[in-house]
Amino acid sequence: MHEDDKPLVSPKKSSTRGKRKVKVESEDDDDAPLVKKPVAATKARGKATKKDEGSDAEVSKPKKKGSKTKKEGDSGEETPKKGKKAKKEDEEDEDIHRWWDNENPAGDGTQKWQTLQHNGVYFPPPYEPLPSHVKMKYDGKPVNLPEEAEEVAGFYGALLETPHAEDAVFNKNFFRDWLEVLKRYPPLDGTKIKEFALCDFRPMFEYFEAEKAKKKALSAAEKKELKKAKDELEAPYAHCFLDARKEKVGNFRIEPPGLFRGRGEHPKKGSLKKRVRPEDVTINIGPHEVIPEPNVPGTWKQVIHDNTVTWLANWVENVNQNHKYVFLAAGSSLKGQSDMSKFEKARELKNYVDRIRADYREDLKSKQMADRQRATAMYLIDVLALRAGNEKGEDEADTVGCCSLRCEHVTLQPPNILSFDFLGKDSIRYFKQVEVDPQVFKNMRIFKQNKTDEDALLDRVHTSKLNAHLNGYMKGLTAKVFRTFNASQTFQIQLDEKTPHNGTVQEKLNAYNEANRMVAVLCNHQRTVPKTHEQSMTRMGDKVRQLKYERMKLRHVLFGIDRKYKKNKKYAEDESDIDEEAVVEIEEKMNEKEKEKAEKKFAKENERLVADDKKPQDDCVLQERLEEIDTEFERLAKERGTGKASLKRERPAEKIEEAIDKLDERINTAKLQMVDREAGKEIALGTSKINYLDPRITVAWCKKFDVPVEKLFSKTLLQKFPWALEAGSDWKF
DNA sequence: TATTTAACTTAGTACCCTAATT
DNA sequence: AATTAGGGTACTAAGTTAAATA
């Protein structure tokens with residue numbers, strides 16, 4: 001692998017080591033001449049730098065982007081016609097940086113930027129006190145709170161109808177932190193707030209709800225107006241210039257204050273997450289750029305110039321002392337390159353995985369306990385796609401991964417089934433019974449010997465050691481690469497095997513989703529069952545029964561036409577679940593619906609007549625129509641159980657046969673849809689699509705099977721994966 | 001070497017928007 | 001035209017990992 005000098009790709013380590021801390025300006029003096037100008041770069045855009053840094057990366061552009069570039073070219077002034085109607089205002093028309101055209105676009109190096117210009121971060125607007133008539137109550141009496149205390153009370157008030165308000169830990173933490181605020185900002189009327197149980201936040205809650213409703217009731221135009229105003233305020237922060245290219249910033253808004261919503265049994269949930277001020281925020285910017293002003297009063301904690309990192313700003317959040325960063329958006333070159341190298345690394349694992357597997361299978365029998373445990377861990381990571389599983393602290397939710405499994409999390413079901421039950425990342429339950437290699441089963445029995453439930457199952461394995469071991473096989477190999485590798489590999493294989501070559505687009509999409517789901521199951525990607533799931537299931541079920549009913553009727557018509565059909569097995573058999581009772585139910589429902597429809601139609605017709613200055617139809621017209629429907633209903637009632645039926649309009653037997661075939665098809669797809677829906681109700685497909693499946697697999701598949709990629713990648717996903725869109729139809733993971 | 005910290009990826013959910021449905 | 005379901009996005013918590021520190 002040759003070292004190349006592309007600006008974004010530097011050879012790593014040697015050059016970056018030791019520079020993690022703050023980089024002093026003078027160190028960068030050597031490249032000063034290159035970047036002096038961009039101080040005024042807001043206007044200059046790519047132009048100036050193109051000349052200066054020239055050549056690299058841009059070579060392929062003129063051809064394709066000719067027209068676009070020209071437009072950008074006359075930069076400075078706006079061409080009067082420009083944006084008028086040609087484009088929707090949101091169409092960005094940036095010429096994308098084709099970094100993946102470079103010879104070694106992802107390399108394995110740290111990306112090191114040359115210039116970085118941005119406007120800092122966007123602080124949320126300051127707190128606006130509630131109107132004076134909205135007051136929480138204490139012991140039944142309204143309390144006059146200073147705004148600092150009111151704000152925090154409001155955070156809680158907004159959550160009244162959520163499960164958080166029922167959570168003892170959440171309440172305790174909130175109340176503790178709120179009391180702390182109250183100490184500094186006590187009620188203005190002298191109320192002594194002592195007990196949580198005496199607090200009534202409902203007036204606040206109701207006010208918020210009313211405000212929400214008001215906002216919702218605004219006309220579309222007003223909403224648009226508001227959004228536009230907000231966008232304008234935020235616009236300066238939405239993009240930055242990285243090496244003179246405009247790039248989207250991911251999360252340029254500073255997280256607003258609120259109550260910490262930890263997942264699962266997080267001991268700190270409900271704690272007050274304080275408002276972040278400029279004094280808390282460090283910004284990272286090119287050494288020669290104009291230093292931006294915060295949009296709220298105050299000065300930055302620090303301004304640094306560290307081109308070995310990719311963040312624009314950071315601060316430490318007060319609840320868990322977690323570091324928060326402002327990064328570029330997923331579609332940026334920096335993120336794109338890193339994403340691509342992630343998948344390239346996973347592909348590289350293909351060259352080593354056989355060896356690695358052979359080794360750990362061997363080591364499953366090692367005499368050394370540490371080796372045997374490590375091998376077992378690797379088995380779990382490789383086969384079950386478990387996460388590495390770092391140790392966690394007392395002040396965090398009790399969740400585990402591979403290396404942090406405890407004895408209580410695995411039970412043995414002879415001869416060789418392991419039953420896993422533990423909470424993983426985000427406190428998502430991993431609950432599976434898995435048939436494992438007999439040696440793994442034996443090992444587990446051994447590892448559990450003489451230990452209590454709370455003891456570590458793999459007490460001799462630690463993530464860092466494990467990763468060091470993996471790194472010995474392949475540079476950069478760590479536990480998490482296996483998840484990426486196995487996910488993408490599984491996906492590719494499933495698609496290759498299961499895609500119906502001559503199927504319809506829908507059938508192909510089904511195969512795709514099936515493969516996607518298989519990966520999601522492997523990685524245990526879950527979601528809460530949608531609220532409406534049950535409802536939509538019954539609705540789908542009703543639809544199937546309706547179809548079956550129609551089929552039955554058609555069959556009966558056939559019997560009336562020719563007795564031979566009764567002999568035909570295809571038609572002789574009754575539809576499942578359509579018994580006498582069901583028929584009654586269906587017909588009653590049909591009757592009801594028909595009447596409703598008739599009434600609506602009647603009303604509409606009259607409206608029209610009135611509008612045309614004619615006189616509306618008499619009610620008896622409606623009555624007549626309703627009676628007709630009832631007559632039909634009675635006719636059907638008489639048919640019940642006779643095994644015969646007639647149609648309103650006669651049709652030849654062969655047409656009916658065709659219709660039945662069509663119904664069969666519809667019944668089948670509807671049933672499949674139900675099965676599909678039920679199977680997927682708690683499986684999240686998105687996570688694997690975004691993080692684990694090499695997008696080139698999807699792109700190649702789309703090309704090969706002639707499916708538009710837009711059916712599978714949303715707009716943002718398309719923006720995230722520009723580098724993958726050029727994969728050929730025969731590309732393989 | 002063990003522990004801590006910094007930086008980055010991965011994750012589910014709340015909420016918004018859009019398209020299907022009524 | 002209004003409602004609703006479900007897809008998409010924003011948000012930020014919770015992981016992993018390498019490097020810094022003790």
query = Given that A:S688 and A:V316 both sit by DNA chain B, which one's nearest nucleotide is further toward the 5' end?
reply = A:V316
Nearest-nucleotide comparison on DNA chain B, the residue closer to the 5′ end among A:Q526 and A:K465 = A:K465
To the nearest angstrom, how far is [X] atom [atom1] from [N] atom [atom2]?
X	N	atom1	atom2	answer
A:Y325	B:dT5	OH	P	12 Å
A:K227	B:dC15	NZ	P	18 Å
A:L386	B:dT10	CG	C1'	16 Å
A:E394	B:dT3	CD	P	15 Å
A:I683	B:dA11	CD1	C1'	16 Å
A:F208	B:dC15	CZ	P	13 Å
A:F343	B:dT10	CZ	P	7 Å
A:W113	B:dA7	CH2	P	13 Å

Ignoring backbone atoms, establish whether [X] has a side-chain N or O less than 4.0 Å from OP1 or OP2 of [N].
X	N	answer
A:S338	B:dC8	no
A:H323	B:dA7	no
A:K335	B:dC8	no
A:K342	B:dT10	yes
A:R677	C:dG6	yes
A:H462	B:dA2	no
A:T528	B:dT13	yes
A:S464	B:dA2	no

message = Considering every strand and a 4.0 Å limit on heavy-atom distances, what is the contact class for A:D339: base, sugar-phosphate, or nothing?
response = nothing
ask   = Heavy atoms under 4.0 Å, any strand shown: does A:F327 hit a base, just sugar-phosphate, or nothing?
value = base
Minimum side-chain heavy-atom gap [X]-[Y] below 4.5 Å:
X	Y	value
A:W315	A:E255	yes
A:L259	A:S271	no
A:H525	A:V519	no

task = Sugar-phosphate means primed atoms, P, OP1 and OP2; the rest is base. With that split, encode nucleotides 8-17 of chain C 5' to 3' as B, S or - using protein heavy atoms under 4.0 Å.
result = SS-SBSBSBB
key: Under-4.0 Å salt bridge between A:R517 and A:E514   = yes
ask   = Would A:K715 and A:E710 pass as an ion pair if we require N to O under 4.0 Å?
value = no
query = Between A:D459, A:D398, A:D421, which is the residue that forms a salt bridge (Lys or Arg N to Asp or Glu O under 4.0 Å) with A:R406?
reply = A:D398
List every contact pair, protein side and nucleotides 2-4 of chain C side both N or O, where the distance is under 3.5 Å.
none

key: A:E678/A:H533 under side-chain hydrogen bond (donor to acceptor under 3.5 Å, both in side chains): CA gap, chis, key distance, verdict   = CA-CA 8 Å; A:E678 183 63 26; A:H533 177 77; 3.0 Å; yes
query = Does the ring centre of A:F420 sit less than 6.0 Å away from the ring centre of A:F431?
reply = no
query = Can you check whether A:F174 and A:Y156 have ring centres sitting under 6.0 Å from each other?
reply = yes
Please table the atom pairs, donor to acceptor, closer than 3.5 Å between any side-chain atom in residues 462-470 of chain A and protein atoms at least two apart or in another chain.
residue : atom : partner : partner atom : Å
A:T463  : OG1  : A:N390  : OD1          : 2.6
A:N467  : OD1  : A:A479  : N            : 2.8
A:H469  : ND1  : A:R374  : NH1          : 3.4

